[in-house]
Protein chains: 2
Amino acid sequence: MAKPTVHDIAREAGVSLSTVDRVLNGRADVRPKNAERVKAAVERLGYVRDTHAANLAKQRRYKFVFVLPEGPNHFVETIVAAVREAGYAQASDRVDVAIMPVNAGDPHAIVARLQTLDLHSLDGVAIMVPETPQVRDAIAHIREAGIHVVAFVSDLPNSKCDHFVGIDNFSAGQTAGALLGKFLRNETGSILVVTNSMVARDSIERRYGMDEVVSRDFPRLRALPTIEFYDDPQRIRETLAHALTAHPDLKAVYSMGSGNAVMLDALRDNADVKDLVVIAHDLTAVTRQGLTDGEIDAVIAQNVGHLVRSALRVMRAKCDATVIFEAQEQIRIEIILRENLY
Amino acid sequence: MAKPTVHDIAREAGVSLSTVDRVLNGRADVRPKNAERVKAAVERLGYVRDTHAANLAKQRRYKFVFVLPEGPNHFVETIVAAVREAGYAQASDRVDVAIMPVNAGDPHAIVARLQTLDLHSLDGVAIMVPETPQVRDAIAHIREAGIHVVAFVSDLPNSKCDHFVGIDNFSAGQTAGALLGKFLRNETGSILVVTNSMVARDSIERRYGMDEVVSRDFPRLRALPTIEFYDDPQRIRETLAHALTAHPDLKAVYSMGSGNAVMLDALRDNADVKDLVVIAHDLTAVTRQGLTDGEIDAVIAQNVGHLVRSALRVMRAKCDATVIFEAQEQIRIEIILRENLY
DNA sequence: TTGTAGGCGTTATCAC
DNA sequence: GTGATAACGCCTACAA
């Protein structure tokens, strides 16, 4: 009645422990007849391996690294916090997690940092950087060393990664489009679209997604060309002021990426801007406050805790060559209002 | 450099393994002087117990039961599926999970079923039933046997549970209210509120939450008295037809509980009902289809996978007397549109 | 190709 | 009070 162990299998199959082990782990040749008997016994008794006991015996510890953009960024900060927490929580689970900050804006710097990774003592890397040919090559090199690589938050579609952990930004943009359309149900007007930089593929995909839904389902709304403000408060302020006069029918602002603080500041400065629908991405200290104060109507977010834990689970599954429960690893596109802010 | 073990502690403290164990687990009296030395060594070497090795040695298996409403119910079905999946996934983690279906409508039947639980071979129970005095007493009895009890999905505020795993239905109602208000941004009119039964405290709390937000933030909207249709398609159809004539300013339908299929059918039958905002709770086959078809504008949901895994983690933590990471166990109130439907 | 013996980090059972 | 010693379920030499 108790869970069967390798001993039970061995007895049931009339062979020794090591033979059972060999067929279970495909280590060496076993006479077909014996292999069959073992498999039959496994089947009959419903044996499932105790992975913890196995890891204990193997003295295995998983070593994972998160490669994250450095520098001040509210969203990345929430990720760093989540990684730390997860690392702490998993320490007793035989996994060590470290953070490697990189200058995400400089492809060469990224590669240089990636090359400092100790490929011998490493099991997996979760990488959150923009994809460039250099990065792609560096990743190929890491994978050749037998290390598992997951694209984290930003997909790396042209690189050979084991997995992508993050949301589909096209769908996130569609979600934004749908919210804009539903929030402006019977209204006509234009939508200001801002982001810090369209270099990030995230913003591009969100823009496409939003455009698709707005133009198809809500043609009475018009999304204006994307305004980029390269970390320049002055620029966005002026642009916003200009947009207001240029588009008296402005009904909404859609902030696709980082720079929400600047955007909100600018909105506040233009005191005549009232009753605009404001939608932003990512739950940070800034957007959280924006929701609470009623300055932001909705935030489209991904749960960073899930993001990190999913990356960890996926890397472990890859290491153990076990299957992933896709449903659990699907990162949700969340919609947050003040009322369901947690 | 490697993780210190009890052996290291013993050597460092100049005592035996057993003494270390006694100090670590407070089993028997140890001479204060030795206890101090052990504690100091633990501190110095940064020892943390390997819980998996411990569980292995203890031969511990966790036995958990989910007590769930039986009978046809789309939402419960999704939970059952999630429990099965989680049970399968955790089988190798030394946890056995079983499902006990109960006739949730009959307090005496619930108690009768609960009494069939084998309190000797059980570690924890997750209970999803309406709270009644009988249920409360039965739970007290289970807890007295040293078994951990978590209220699951529906809170049991007057019972002595270890924890509640689920969303705050008042907040869920507030979220619905906010969505209604934002979807009907500049409109005036009334909102039809339906549910299968207001006996469930979930519906009551959602109603309160919705009312609060609507009356405070969107006074131009008026939420009509709750209509209950006890699994009676005919009733809701007639009621809806009646409501339409009685309230020509009807702008939205808010379905607070189960019975979404019936509600949608009725909406379809009243073909003259067009352009109503429809908000429902819980992601099931029905609401999923409703979203896809554009019949439902938004669904307010709780992720059943998280619900189940959280309950499991909490019960384990209670068994091991370890701390819970509150942030991880917080169940989100999710807002699902067609675009972020997964 | 197969089996035996020992160890992984912890707990449990004995004697001392 | 204390300390050997043998489990727990699995893996890995090494020997046969």
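Order of the sequence lines fixes the chain letters, A, B, ..., with proteins taken first and strands second; residue numbering starts at 1 for each chain. This one's a predicted model, so the numbers in the text were calculated from it and none came from an experiment. Hydrogens, waters and symmetry mates play no part in the numbers below; they use all other heavy atoms, side chains included.
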At under 4.0 Å between heavy atoms, what does [X] touch on the DNA or RNA strands: base, sugar-phosphate, or nothing?
{"X": "B/Asn55", "answer": "nothing"}
{"X": "B/His52", "answer": "nothing"}
{"X": "B/Arg49", "answer": "sugar-phosphate"}
{"X": "A/Arg27", "answer": "sugar-phosphate"}

Whole-Å distance separating the [atom1] atom of [X] from the [atom2] atom of [N]:
{"X": "B/Asp8", "N": "C/dT10", "atom1": "CG", "atom2": "C1'", "value": "13 Å"}
{"X": "A/Arg11", "N": "D/dC10", "atom1": "CZ", "atom2": "P", "value": "13 Å"}
{"X": "B/Arg60", "N": "C/dG9", "atom1": "CZ", "atom2": "C1'", "value": "18 Å"}
{"X": "B/His7", "N": "D/dT5", "atom1": "NE2", "atom2": "P", "value": "12 Å"}
{"X": "A/Asn25", "N": "D/dA13", "atom1": "CG", "atom2": "P", "value": "13 Å"}
{"X": "B/Arg22", "N": "C/dT10", "atom1": "CZ", "atom2": "P", "value": "16 Å"}
{"X": "B/Asp50", "N": "D/dC8", "atom1": "CG", "atom2": "P", "value": "18 Å"}

Do we get B/Arg49 above B/Tyr47's six-membered ring, with its NZ or CZ under 6.0 Å from the centre and within 45° of the axis?
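Relative to the ring axis of B/Tyr47, which defines the angle, B/Arg49 lies outside at least one limit.
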Please indicate whether B/Glu326 has more than 12 foreign heavy atoms, meaning atoms of other residues, nucleotides or ligands, lying under 6.0 Å from its CD.
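Counting other residues, nucleotides and ligands, CD of B/Glu326 exceeds 12 neighbours.
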N or O in side chain of A/Asn34 less than 4.0 angstrom from C/dT1 OP1/OP2
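The answer is no; no side-chain N or O of A/Asn34 sits under 4.0 Å from OP1 or OP2.
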So if I take every side-chain heavy atom of [X] and compare against [options], which nucleotide ends up nearest?
{"X": "B/Ser16", "options": "D/dT2, C/dG3, D/dC11", "value": "D/dT2"}
{"X": "A/Asp21", "options": "D/dT2, C/dT2, D/dT12", "value": "D/dT12"}
{"X": "B/Ser18", "options": "D/dA4, C/dA12, C/dG3", "value": "D/dA4"}
{"X": "B/Thr19", "options": "D/dC11, C/dT11, D/dG3", "value": "D/dG3"}
{"X": "B/Tyr47", "options": "C/dT10, D/dT2, D/dC11", "value": "C/dT10"}
{"X": "A/Val6", "options": "C/dT10, C/dT2, D/dC10", "value": "D/dC10"}
{"X": "A/Arg31", "options": "D/dC10, C/dT2, C/dT10", "value": "C/dT2"}
{"X": "A/Gln59", "options": "C/dT11, C/dG9, C/dT2", "value": "C/dG9"}

Salt-bridge present (A/Arg60, A/Asp123; N to O < 4.0 Å):
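Yes, A/Arg60 and A/Asp123 are salt-bridged.
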Among A/Arg313, A/Glu329, A/Arg316, find the one that has a side-chain contact (heavy atoms from CB on, under 4.5 Å) with A/Ile324.
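Option passing the side-chain contact (heavy atoms from CB on, under 4.5 Å) with A/Ile324: A/Glu329.
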DNA chain D: B/Leu56 or B/Asp29, which has the more 5' nearest nucleotide?
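The residue mapped nearer the 5' terminus is B/Asp29.
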Residue mapping more 5' on DNA chain D - nearest nucleotide basis, B/Lys58 or B/Leu17:
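The residue closer to the strand's 5' end, by nearest nucleotide, is B/Leu17.
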Under the side-chain contact (heavy atoms from CB on, under 4.5 Å) criterion, do A/Tyr62 and A/Leu312 qualify, and how do the steps go?
CA-CA 10 Å; A/Tyr62 302 87; A/Leu312 253 15; over 6 Å; no
Whether the side chain of A/Arg94 and the base of C/dG9 hold a donor-acceptor pair under 3.5 Å is what I'd like checked.
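No, no donor-acceptor pair under 3.5 Å.
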Any donor-acceptor pair under 3.5 Å linking the side chain of A/Arg136 with the backbone of A/Glu131?
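Not confirmed, A/Arg136 side chain does not pair with A/Glu131 backbone.
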